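Accompanying notes for the structure given below.
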2 protein chains.
Amino acid sequence: MDNTAGKRPTVKDVARLAGVSQGTVSNALSGMRGVDPETRQRIDQAIATLGYVPNLAARRMRTGLTNTIAVMTSMPAAVSAGSSRLGFLMEIAASAAIHALDYNSALVLVPPVADPAVALRHVAMDGAIVIEPQRDDAFLSLLKHRGVPVVVIGEPPASHPSGGDLPWVDLHYTRTAELLLSHLLEQGARRIALILGTSSRASQSTTEVIYQAWMLLRGIPPCVIRVPETEGEEGAYQATRYLLTNNPDVDAIFVPVDAFATGAMRALRDEGRTVPDDVRVVTRYDGLRAREERPALTAIDLHLDQVAALATRLLMDLIAGKEIQQVTEGPLPSLVARGSSQD
Amino acid sequence: MDNTAGKRPTVKDVARLAGVSQGTVSNALSGMRGVDPETRQRIDQAIATLGYVPNLAARRMRTGLTNTIAVMTSMPAAVSAGSSRLGFLMEIAASAAIHALDYNSALVLVPPVADPAVALRHVAMDGAIVIEPQRDDAFLSLLKHRGVPVVVIGEPPASHPSGGDLPWVDLHYTRTAELLLSHLLEQGARRIALILGTSSRASQSTTEVIYQAWMLLRGIPPCVIRVPETEGEEGAYQATRYLLTNNPDVDAIFVPVDAFATGAMRALRDEGRTVPDDVRVVTRYDGLRAREERPALTAIDLHLDQVAALATRLLMDLIAGKEIQQVTEGPLPSLVARGSSQD
DNA sequence: TGCCTTGAGTAAAACGTTTTAATGCGCGAC
DNA sequence: GTCGCGCATTAAAACGTTTTACTCAAGGCA
């Protein structure tokens, strides 16, 4: 018969064994239409004896739904993952995977690689969570072209051709910058430098705007250095040494990108500056790097697990065709003060 | 025409525009059979103008291949993920995702939830990487039933009904235990306690065997405490307080599970013991918890990124039907000595 | 020349579901 | 008593690809 060899039983086999048609089996499975309780029982019985498991590919082809969402970011791996591959992306992915399950969906991890088109070529999804996209983000363009629903974590870049209509979960860039700057000022810092990446992300531009405004207001000459994200920790190291040579009176450095912060700390050590006594350092993402550094880095708890849960729910609503608001307030960030900025 | 509205172009549309049959388009796409260069050019042209993207669900249904692998572990979330959702699982997932891409495959993350059957219900995969399965591991059973190729990270439990025939990447449990025990002894510890989980995993039983042997050899009375994994940090906290009350002369605690180590550290603080002066503490996984603790925990670098890369390649070979050896030597673990065990 | 091989191409089948349109049946309302 | 309606059920269509079996023409070899 059919179930002798390695062939998996199909709905056809179940139907035959239960003495009904394929359609009825399908209805019993999905519960979409009424099925007589007695018939349903026979079908369940047949499914059990045959060990039937639905062929997901066939179901997906027919329905057009994949029951899959993806998480991705265009941030280069040098920054977003780092040597131990942890961080931002993974923290969000873990939370999203758990919450996707509530919607009978799996989560696929799209790794940050050079060519987004390659990364997406073999991934089918009902929707995507895109983390902190940059201007002209390749992932956003590809997803838009495919018509995939998208929820952004962090503010989408205003000028992206995909339109400013993407829903997003606010990561509170303004409040984050203010928390860190006010903390530094409270701790007595007066010459605060800012080290940013060169990519065009809302997080960076917002941070710079706030920084410039605060410095202007307090009569502090601003000092902003930009380092390409691809150069990672080493790039920040070089930049910081350069900064310390040219601006020896700097007494605080604001380094939002944690990979850069690690480089900055190393540069400070090599330049013989003591943290926090000579120079105070703060960063944004409170991950492995921030906590492992000595002294440990003051950072921001972004509550990424809650953010990811929120984004997942929004995405599911969007996929289901519900109306969702364009901007959703995520949990408010909170300061995690550590040894790098206070005595 | 067809491409007026929201309907995605299909191979049929491409064929029509290029003036060939569907089969030829398919051949041109897969390169499986010869296609005249001039014809191929016309097809490429048609694909470009139509913006054709293959329907993966249809392809998968026809070929039976999903170009997807999954990563999963049955370790409860309380231990494997923790409050910030990082750790072991995520570190492996990140590396596997990157390397899966080399084989045109996506990686789906199966979250550690109570019911593995639910977690797998909507996931189709060509193969799976299972992390440190326990005896009667539900994931292994389900995967075996579906006939999915599996590679295990860490030694599979000997008695699993799925058979001892599963290929696995060695995490060197013996060497890991020896590294930590010899380090403790070198540091002068003489009364070493061991805190383990209650689940039946090879890592635990191997660790205990080595521990017992070493203690016996040195005439040290062994002291082993087992805490259910589901109780997480708090369970270990209680167990450690109990341990310190009943065995006040303990001068070192070996806590392989990092979530437990966090609880043990808290118990030591609450009992007024100084680490490392009064009691030395070591753990296994060198993750966020180990590094964030004060003093930071001595741990083992398992080189999980290399392990995951290895496992991914093995799995891909297995899927491709190649012969692979049953046990593969992973990279050797190395000691990361920190303040929790040395002065 | 005749025969066999090769290579490019095609029409149609096949994959396993869900959905659609149709069928038969029992039942209450007229 | 019949009409119409709702319900459970069915046969067949549809989803978009890859694969199979076949045709046709060109070319090599005896």
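As the structure is a prediction and not an experimental result, all values here were calculated from the model. Convention: sequence-line order gives letters A, B, ...; per-chain numbering from 1. Heavy atoms only: backbone and side chains are in, while hydrogens, waters and symmetry mates are out.
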Between B/M61 and B/G34, which is nearer to the 5' end of DNA chain C once each is assigned its nearest nucleotide? B/G34
So what does B/S30 hit on the nucleic acid, given a heavy-atom distance under 4.0 Å: a base, only sugar-phosphate, or nothing? nothing
Looking at CG of B/L120 and CG of B/D115, how far apart are the two atoms once the value is rounded to the nearest 0.5 Å? 9.5 Å
Run through B/V152, B/V150, B/L318 and flag the one making a side chain to side chain contact (heavy atoms under 4.5 Å, CB included) with B/P167. B/L318
Terminal contacting nucleotides, 5' and 3', DNA chain D versus chain A (heavy atom, 4.0 Å): D/dA8 to D/dG16
For B/R60, answer base if it contacts any base atom (sugar-phosphate contacts may also be present), sugar-phosphate if it contacts only those atoms, and nothing otherwise; contact means non-hydrogen atoms under 4.0 Å. nothing
On DNA chain C, compare the nucleotides closest to B/G19 and B/R62; which residue's is nearer the 5' end? B/G19
What is the distance, to the nearest angstrom, from the CD1 atom on B/I43 to the P atom on C/dA8? 12 Å
Within the pair B/S21 and C/dA11, is there a side-chain N or O less than 4.0 Å away from OP1 or OP2? no
Quick one: do the B/S74 and B/R201 side chains pair a donor with an acceptor below 3.5 Å? yes
Figure out the CG/C1' separation between B/D36 and C/dT10, and round it to whole Å. 15 Å
Side-chain N,O (A/T63) to OP1/OP2 (C/dT19) below 4.0 Å: no
Does a donor on one side chain sit under 3.5 Å from an acceptor on the other, for A/S199 and A/E229? yes
Over all strands shown, is B/T10 touching base, sugar-phosphate only, or nothing at heavy-atom distances under 4.0 angstrom? sugar-phosphate
Which comes earlier along DNA chain D counting from the 5' end, the contact point of B/A58 or that of B/G23, where each point is its nearest nucleotide? B/A58
Return yes if some donor-acceptor pair links the side-chain N/O of A/R8 with the main-chain N/O of A/V53 below 3.5 Å, else return no. yes
side-chain contact (heavy atoms from CB on, under 4.5 Å) for B/I319 and B/I69? Distances and angles first, verdict last. CA-CA 10 Å; B/I319 292 170; B/I69 65 171; 4.2 Å; yes
